[in-house]
> 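Okay, handing you the structure first.
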Amino acid sequence: MRTKDENLIEYIKNPDVVLREEDIDGALLFNPDTNQIKVLNTTGLFIWKLCEKKHNIANIIKALKNSFDQVPDDKAAEQVKSFINEMKESGFIGIIKDQK
Amino acid sequence: MRAKNSFHIIPTPKTVSISITGKCNLKCKYCFYANEMEGLKDLSTEQWLNFFKKLKDLNVMDVSLTGGEAFIRPDLFELIDGIISNNMRYNILSNGTLINENILKKFEIGKRRLRLDYIQISIDGSCAEIHNKSRPNSFDRAINGLKLLKENNFPLAVRTTINKHNLCDLENIAKLLLEDIGVSSFGNNESMPIGSGCRNEKEISLSSKEKLKAMRIIKKLLQKYPGRLNAQAGPQAKLKMYAEMEHAKKTGEKSKTWQMGYLTACGCVFSKIDILHDGTIVPCCMLPGLKLGNILNDDLKEIWQNNKIIWDIRNRRKIPMKEVPGCEDCEWAPYCNGSCPGMAHQLTGDFNRANPEDCYRKFKKETGGIDAL
């Protein structure tokens, strides 16, 4: 039931956040409101770019599996949720919609 | 054409320092910008706002607003709002004299306060008599501005430019700033022979012996106020640099914080670029004569990535001190970094030289070096 609830929530990037792709291996995000910087690896950058448009967790995991090799079924969901949660709490992304 | 083995650089600058006006209500004795203030015309509000949109496209993170005196522009807050709406933070370097309660109220609108990193005020003396010798007729207003910022919990920085007039007042300045007004720390540098500092060099620039005296006072102040004085240039910075050079020469243990033996000083051109008040793009405010283009006509990203002059300054890091003219036979060459390219250019006409103002061989010869402290 918890999974179903989570998939009703859609995420989108904070439009004020600045993305700097400084390296081929990743990028950094800068939140000008909080002065916080977050370094992203290639997977994090991929998720960030997905959040240009609204996506739920299931969509993000599906897109990751389509684009990256060897995404572990058992750990992917947990890691994506953890990443999204951290990004949400630090204001880099926000919730756009909860259809409940 | 770029040098063959260029450094990896970030695709666009993180920080842009902008002189938004050439107008100033003061005439400081060491103003490095004095020559540029005469003859160049300020860009309009619209021109700066258009430029800020371009900075957003380059993902620039923060903008430093300088002058002249930034608060002299009647459209300052319109410019600040332009910076904010283009997703950047900002700071302001000011003489503090135009700051009043009405100005502070304007910072409370929208995200002006949220996106402000700090306002820096210059204080050169503990009293009007000393401060006004280098920054004429401004002490009371500058202190008033500083106190207002402090009382209203603004993020602030204070800069003291050490010169002949205030050398003996440094301890009083530290007391005024750190104890009486209660700022958390203050920065210091020294008057340099550039701009009006060049014309007034004899009156205000420190001699080697005075620099040593400044170091002695700063050493004492650092013991009294640990961590509350900071410097990127001037006696405090040189004290640290010279101590590391002496240590490296005696032990063979080189600095872990900077590369000795190469022209490695100054990281500015790797993350920051400067704009003069008429839109001229320069590598650094200390190199105002090296014009790379103008924001009205030229592509800042193209200049950042491909301009020959900016790459030549970056590539000076590859030049061993032993190959720098004038330093070939110096016993300190394996431990030196040549210091500021801007001052080297100003004093020798070539940024690929060492800055004569910071030469430890000369300093040691004239003072006995930091062992004399």
Side-chain angles (χ1 to χ4, degrees), chain A residues 9-56 59-60 63-64 67-68 80 83-97, chain B residues 6-16 18 51-65 79-92 107-119 153-157 267 269-273 300-301 304-305 314:
Chain A
I9 301 170
E10 292 181 311
Y11 299 93
I12 196 158
K13 71 171 195 174
N14 174 346
D16 283 358
V17 168
V18 176
L19 168 69
R20 291 185 56 90
E21 295 187 70
E22 298 189 351
D23 216 307
I24 52 167
D25 297 327
L28 66 83
L29 297 178
F30 170 61
N31 184 341
D33 284 343
T34 61
N35 208 11
Q36 265 190 303
I37 287 174
K38 181 164 181 60
V39 178
L40 299 179
N41 59 19
T42 47
T43 319
L45 178 58
F46 179 85
I47 295 174
W48 171 259
K49 286 185 173 175
L50 277 182
C51 290
E52 292 274 351
K53 293 178 181 172
K54 55 187 182 180
H55 282 286
N56 61 21
N59 285 343
I60 292 169
L64 266 178
S67 300
F68 289 84
V80 167
F83 177 76
I84 290 288
N85 201 39
E86 188 191 327
M87 296 281 280
K88 182 167 68 77
E89 284 183 0
S90 51
F92 288 102
I93 62 170
I95 296 171
I96 191 166
K97 195 173 177 182
Chain B
S6 299
F7 295 92
H8 167 74
I9 55 144
I10 53 178
T12 56
K14 283 183 179 171
T15 299
V16 179
I18 303 175
F51 179 58
F52 297 152
K53 285 180 192 164
K54 290 179 189 170
L55 294 185
K56 181 184 182 183
D57 294 338
L58 300 185
N59 302 309
V60 168
M61 294 160 67
D62 48 77
V63 167
S64 185
L65 299 178
L79 299 183
I80 288 171
D81 289 343
I83 291 166
I84 291 166
S85 65
N86 286 293
N87 295 355
M88 294 176 283
R89 294 181 69 82
Y90 70 103
N91 62 67
I92 302 174
F107 278 100
E108 302 305 327
I109 297 169
K111 290 187 174 180
R112 291 171 182 175
R113 181 85 179 252
L114 183 70
R115 293 279 182 90
L116 173 66
D117 279 321
Y118 58 87
I119 298 174
N153 297 315
F154 271 74
L156 58 88
V269 286
F270 289 86
S271 64
K272 181 176 90 63
I273 200 161
L300 186 65
K301 185 177 179 182
W304 177 259
Q305 293 187 347
R314 289 173 184 143

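Order of the sequence lines fixes the chain letters, A, B, ..., with proteins taken first and strands second; residue numbering starts at 1 for each chain. As the structure is a prediction and not an experimental result, all values here were calculated from the model.
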> I need the A/E22 CD to B/I9 CD1 distance, nearest 0.5 Å.
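It comes to 10.5 Å.
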> Need one label for B/M88: side chain, backbone, both or neither, based on atoms under 4.5 Å from any heavy atom in chain A.
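Just its backbone gets close to chain A.
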> Report the distance from atom CG of A/D16 to atom CZ of B/R115, rounding to the nearest 0.5 Å.
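Going from the CG atom of A/D16 to the CZ atom of B/R115 covers 5.0 Å.
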> So which heavy atom on B/N87 is nearest to which on A/P15, and how close?
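So the two residues come closest at ND2-O, 3.2 Å.
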> At what distance, to the nearest 0.5 angstrom, does CG of A/D33 lie from CZ of B/R89?
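CZ of B/R89 is found 8.0 Å from CG of A/D33.
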> What part of B/D62 lies closer than 4.5 angstrom to a heavy atom of chain A: side chain, backbone, both or neither?
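B/D62 has no heavy atom closer than 4.5 Å to chain A.
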> Considering only heavy atoms from C-beta outward, does the side chain of B/T12 approach that of A/R20 to under 4.5 Å?
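Yes; the side chains approach each other to less than 4.5 Å.
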> Counting only heavy atoms not in B/K54, do more than 12 sit closer than 6.0 Å to its NZ atom?
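It does: B/K54 NZ has more than 12 such atoms within range.
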> In terms of heavy-atom proximity below 4.5 Å to chain B, should A/L19 be classed as side chain, backbone, both, or neither?
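Just its backbone gets close to chain B.
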> Contact part of B/K14 toward chain A, heavy-atom cut-off under 4.5 Å: side chain, backbone, both or neither?
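Backbone plus side chain of B/K14, per the 4.5 Å heavy-atom cut-off to chain A.
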> If I measure from the heavy atoms of chain A, does B/L58 come under 4.5 Å with its side chain, its backbone, both, or neither?
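For B/L58, the backbone is the part near chain A, not the side chain.
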